[in-house]
2 protein chains.
Amino acid sequence: METTHDLFKKLKSFSEPELQTEILKHAKFLKANKGDILIKEGQYLNFLPIVIDGLLRVYQQNEDREILLYYVGPEQTCMMSLSSAYFDYYSTANGIAMEPSEILVLPAHLIAEWQLKYPSWNKFIINTYKSRYDELLNAFGSVAFKPIHVRVKEYLTEYVKNESSNKIPISHQTLANELGTTRVVISRILKQMEQEKLVKLYRGYIQLKV
Amino acid sequence: METTHDLFKKLKSFSEPELQTEILKHAKFLKANKGDILIKEGQYLNFLPIVIDGLLRVYQQNEDREILLYYVGPEQTCMMSLSSAYFDYYSTANGIAMEPSEILVLPAHLIAEWQLKYPSWNKFIINTYKSRYDELLNAFGSVAFKPIHVRVKEYLTEYVKNESSNKIPISHQTLANELGTTRVVISRILKQMEQEKLVKLYRGYIQLKV
DNA sequence: AATAGTGTGTATCAAAAGATACTTATCTCA
DNA sequence: TGAGATAAGTATCTTTTGATACACACTATT
């Protein structure tokens, strides 16, 4: 179990001592295994999950295809849950644990209450809205304007930039899911990129050159 | 000029008297003509515009094409401005007045201050984030998954649903801009729909049947 | 009436993306 | 080691979307 000390070392956003006390008073802790589905489209949520450790993947689904909305990492919460919890509305996306994750769970009604009491909480909420919105806007612009081969390139370079390793451990199928297309399309594009010496392809990972 | 009375008849979201006093104290009023560009991509905004009367169109641009993000009508504010003003960040979209509009303009720094003081203001802000996010998510899903002819149909039926007239006064070119494609594509689809007896086409407007 | 601007119809061609099907390689684990 | 699952390569075909070009109709203005 987390001690107070450890927890707020990780959740740096919540600096106010009173807020910390409140969180400890009301929060439950949840451990999710890799692959656990935490949020389903259409589901009503009356809680807000804040990731302590691990990674959640939030995506939309449409019959056979799916597309990534965003990841939720440590110190972050999920837009879907926030909207859903705040407005008593159902979720419009799915959330799944990508890694074994540890999650702090708060009752929904506290979101609004704390917003008026704790500036750092308010900032956290607004920050979540803003950054998720920006991400989505970005993705939207890409989908609307950029051909897939460009989106593939951007995905890979973005990944490498964040991880500072040029090996991206992802299968063609998974990459297709991230970008909302099909495996064959991705394989074709990657092969083309390999011929242009932009990448090297291996089973299970892609090495970005340049 | 607006009197207090008239103004808050229109801006029903701001119910608290103290908030109303504050708004009147700090707000400036702006009249925009049809076609006036109010927000440009890349621009820093240190104010928050709230529409009293009229309509703003917020869109993204990419070289030759553009795509609609959302409209801002009376009692609403613009997500771009909100993000931009709140976080001292530049706008990532463009805003143009579609009609002669009257706009209330507030200094950016008040957004955060009032959020802690006035629950109705806080609700307004959060509501803006949520509804804009939902709209965008919706649009994103459409662009990612739905072929254009479906998006055209949905645009038209959505329009009719809101306006309760089955005549949609829009040119093919403008419709193309709304959906992020080109005029020829739209004309082609509409002609096809006409042959399927779904619409009747006229110069400058489209009549939706069914 | 002449003209310019806008709106629409449509043909042709090209490119992008997706569907399907089959093959081969690699991994995992009983 | 052998079966099943997963990953990847590729060929073929179709559909969707976009680009370009041109014709024609309507509108507004002079």
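The chains referred to below are lettered A, B, ... by the order of the sequence lines, with proteins before strands, and numbering in each begins at 1.
- Only A/L201, A/Y202, A/R203, A/G204, listed by number, bring a heavy atom of residues 198-206 of chain A to less than 4.0 angstrom from any atom of DNA chain D.
- Counting only residues at least two apart or on different chains, the side-chain hydrogen bond (donor to acceptor under 3.5 Å, both in side chains) pairs with a member in residues 132-151 of chain A are A/Q76-A/R132, A/K130-A/D134, A/R132-A/E135, A/K146-A/E154.
- Here the side chains of B/V150 and B/F145 are not in contact, with every heavy-atom distance at 4.5 Å or above.
- B/T174 meets the side-chain contact (heavy atoms from CB on, under 4.5 Å) test with B/I170, B/S171; sequence neighbours excluded.
- Comparing the start and finish of the helix from C/dA1-D/dT30 to C/dA30-D/dT1, five pairs each, the helix axis swings through 30°, to the nearest 10 degrees.
- Using a 4.0 Å cut-off between charged side-chain N and carboxylate O, A/K10 and A/E102 make no salt bridge.
- Between A/Y90 and A/Y44, the two ring planes are perpendicular [angle over 60°; tilted spans 30° to 60°].
- Contacts of A/T77 classified as side-chain contact (heavy atoms from CB on, under 4.5 Å), with partners at least two apart in sequence or in another chain: A/L48, A/P49, A/I50, A/F124, A/T128.
- Within the 3.5 Å criterion, the main-chain N or O of B/G180 finds a donor-acceptor partner in the side chain of B/R65.
- Looking only at distances, a side-chain donor or acceptor of B/W121 sits under 3.5 Å from a matching main-chain atom of B/I111.
- Put simply, A/T181 has a side-chain N or O that comes within less than 4.0 Å of OP1 or OP2 on C/dG18.
- B/R183 has its CZ atom 14 Å from the P atom of C/dT6, to the nearest Å.
- DNA chain D is contacted by B/P147, B/I148 of residues 137-151 of chain B, taking any non-hydrogen atom closer than 4.0 Å.
- Residue pairs meeting the ring pair (Phe, Tyr, Trp, His ring centres under 6.0 Å) criterion with at least one partner in residues 157-181 of chain B, sequence neighbours excluded, are absent.
- With sequence neighbours excluded, the residues forming a side-chain contact (heavy atoms from CB on, under 4.5 Å) with A/P100 are A/K34, listed by chain and number.
- For the pair A/L156/A/M193, a side-chain contact is recorded, criterion being any heavy-atom separation below 4.5 Å from C-beta on.
- For DNA chain D, the span of nucleotides reached by chain B at under 4.0 Å from its heavy atoms goes, 5' to 3', from D/dT17 to D/dT27.
- In terms of the side-chain contact (heavy atoms from CB on, under 4.5 Å) criterion, residue partners of A/N122 (sequence neighbours excluded) are, by chain and number, A/Q115, A/I126, B/Y86, B/Q115, B/L116, B/N122.
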Quick one: side chains of residues 199-210 of chain A, donor-acceptor pairs under 3.5 Å with protein atoms, not counting sequence neighbours, listed by atom name and distance.
none

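- Rounded to an integer number of Å, the gap from B/Q173 CD to C/dG5 P is 16 Å.
- The shortest side-chain heavy-atom distance between A/L11 and A/L104 falls under the 4.5 Å cut-off.
- At a non-hydrogen distance threshold of 4.0 Å, B/V184, B/S187, B/K191 from residues 184-196 of chain B come into contact with DNA chain C.
- A side-chain donor-acceptor contact under 3.5 Å links A/S101 to the backbone of A/L55.
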